[in-house]
Amino acid sequence: MDITHLVAKRSTCIRRQVGAILVKDKRILSTGYNGAPSGVDHCLDVGCLREQKNIPSGERHELCRGSHAEQNAIVQAAAYGTSIKDAVLFCTNLPCSICIKMIINAGIKSIFYEEGYPDSLSEKLMKEAGIALTNVKKSVE
């Protein structure tokens with residue numbers, strides 16, 4: 001999880017820094033952090049629409065210029081031809097329902113996370129898909 005936190009520091013999100021790592025056979029396959037797509041202005045530079053509109057966490061994901069850390073880890077693996085089937089996801093936060101659908105379809109079978117995320121559909125989908133979920137206590141620094 002320490003590496004996941006290091007990846008999260010690259011985030012350009014004003015509201016929350018999230019990091020994700022995909023691991024298989026004790027090897028890091030891909031990493032991701034939340035932020036705007038390549039070549040697009042970052043929230044740090046242009047502001048946060050969700051913040052301006054007081055949109056609560058876990059709602060209206062489409063009103064964000066950034067991609068989630070889990071999405072970026074999956075996309076980076078695809079961009080470089082790395083199979084993530086049967087990989088383990090380490091993430092600073094529990095994935096949202098959009099991310100969990102991608103995780104299910106990518107064949108990721110287990111998730112280790114520290115903090116929750118207010119998305120009841122995500123939890124229902126994880127349970128239905130049989131994804132093993134482990135809450136890891138945040139270490140004291």
Side-chain angles (χ1 to χ4, degrees), residues 1-53 55-141:
M1 289 303 292
D2 288 341
I3 297 170
T4 307
H5 284 283
L6 188 60
V7 170
K9 289 182 179 185
R10 298 214 45 197
S11 171
T12 59
C13 179
I14 293 169
R15 297 177 84 174
R16 178 192 318 241
Q17 292 188 314
V18 179
I21 299 179
L22 290 167
V23 176
K24 188 174 182 180
D25 298 327
K26 298 182 182 179
R27 298 192 186 278
I28 296 173
L29 303 175
S30 181
T31 65
Y33 55 89
N34 56 326
S38 298
V40 176
D41 289 334
H42 297 284
C43 299
L44 289 172
D45 301 322
V46 298
C48 175
L49 180 62
R50 295 173 54 81
E51 192 76 17
Q52 293 163 8
K53 294 189 177 282
I55 298 170
S57 184
E59 296 179 17
R60 305 289 314 267
H61 296 113
E62 74 280 6
L63 294 179
C64 179
R65 67 188 308 107
S67 297
H68 288 184
E70 304 92 327
Q71 294 168 347
N72 283 327
I74 291 168
V75 168
Q76 286 302 308
Y80 291 97
T82 303
S83 173
I84 56 173
K85 185 173 177 18
D86 297 323
V88 174
L89 173 68
F90 290 85
C91 195
T92 55
N93 292 79
L94 191 63
C96 73
S97 57
I98 294 170
C99 290
I100 202 63
K101 288 183 262 185
M102 292 176 69
I103 289 164
I104 292 166
N105 284 341
I108 296 165
K109 300 298 181 191
S110 63
I111 300 170
F112 290 82
Y113 73 101
E114 283 184 342
E115 296 180 31
Y117 191 77
D119 190 335
S120 59
L121 177 58
S122 174
E123 294 177 35
K124 180 180 179 189
L125 292 171
M126 278 185 268
K127 189 173 187 174
E128 193 174 324
I131 293 177
L133 193 61
T134 304
N135 181 240
V136 179
K137 299 284 186 207
K138 193 171 190 173
S139 61
V140 177
E141 295 178 21

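Residues: numbered from 1 along the sequence shown.
Counted within 6.0 Å of CG on Asp45, heavy atoms from surrounding residues, nucleotides or ligands total more than 12; the atom is thus considered enclosed. Enclosure of atom CD1 in Ile3 is not indicated, since only 12 or fewer non-hydrogen atoms of other residues, nucleotides or ligands lie within 6.0 angstrom. In Arg10, the CZ atom is not crowded: 12 or fewer heavy atoms of neighbouring residues, nucleotides or ligands sit closer than 6.0 Å.
The shortest heavy-atom contact between Arg16 and Gly116 is NH1-O, 4.3 Å. What you find for Tyr117 and His68 is that their closest heavy atoms are OH-CE1, 4.2 Å. Taking every heavy atom of both residues into account, Gly32 and Val7 meet most closely at O-CG1, 3.2 Å. Here the shortest heavy-atom pairing between Thr92 and Gln17 reads OG1-O, 4.1 Å. In terms of heavy atoms, Ser11 sits closest to Cys13 at OG-N, 3.1 Å. The two atoms that bring Pro37 and Arg65 nearest to each other are CD-O, 3.1 Å, heavy atoms only.
Between Ile131 and Ile108 there is no side-chain heavy-atom pair separated by less than 4.5 Å.
The side-chain contact (heavy atoms from CB on, under 4.5 Å) with Ile111 is formed by just one residue from the set Asn135, Thr134, Ile100; it is Ile100.
A side-chain donor-acceptor contact under 3.5 Å links Arg50 to the backbone of Arg60. Without hydrogens or angle criteria, Asn93 side chain to Val18 main chain gives no donor-acceptor distance under 3.5 Å. Side-chain N or O atoms of Ser30 include one that pairs as donor or acceptor with a backbone N or O of Ala73 at under 3.5 Å. Between the side chain of Ser122 and the main chain of Pro95, a donor-acceptor pair closer than 3.5 Å is present. Side-chain N or O atoms of Asn34 include none that pairs as donor or acceptor with a backbone N or O of Gly66 at under 3.5 Å. Without hydrogens or angle criteria, Lys24 side chain to Lys85 main chain gives a donor-acceptor distance under 3.5 Å.
To the nearest 0.5 Å, atoms CG (Leu89) and CD1 (Ile74) are separated by 7.5 Å. Between the CG atom in Leu94 and the CE atom in Met126 there is a gap of 4.0 Å [rounded to 0.5 Å]. With rounding to the nearest 0.5 angstrom, the CG atom of Leu29 is 8.0 Å from the CD1 atom of Ile84. The OG atom of Ser120 lies 9.5 Å from the CG atom of Leu125; values are rounded to the nearest 0.5 Å. Rounded to the nearest 0.5 Å, atoms OG1 (Thr4) and CE (Met1) are 4.5 Å apart. The structure places CD of Glu70 at 3.5 Å from SG of Cys91, a figure rounded to the nearest 0.5 Å.
Ring orientation note: the planes of Phe112 and Phe90 are close to parallel, at an angle under 30° on the 30°/60° scale.
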- Walk me through it: do Glu123 and Leu133 pass the test side-chain contact (heavy atoms from CB on, under 4.5 Å)? CA-CA 10 Å; Glu123 294 177 35; Leu133 193 61; 5.8 Å; no

- Message: Assess the residue pair Asn72 and Tyr33 against the criterion (side-chain contact (heavy atoms from CB on, under 4.5 Å)); give the C-alpha distance rounded to whole Å, side-chain angles, the decisive distance to 0.1 Å, and a yes or no.
- Response: CA-CA 7 Å; Asn72 283 327; Tyr33 55 89; 5.6 Å; no

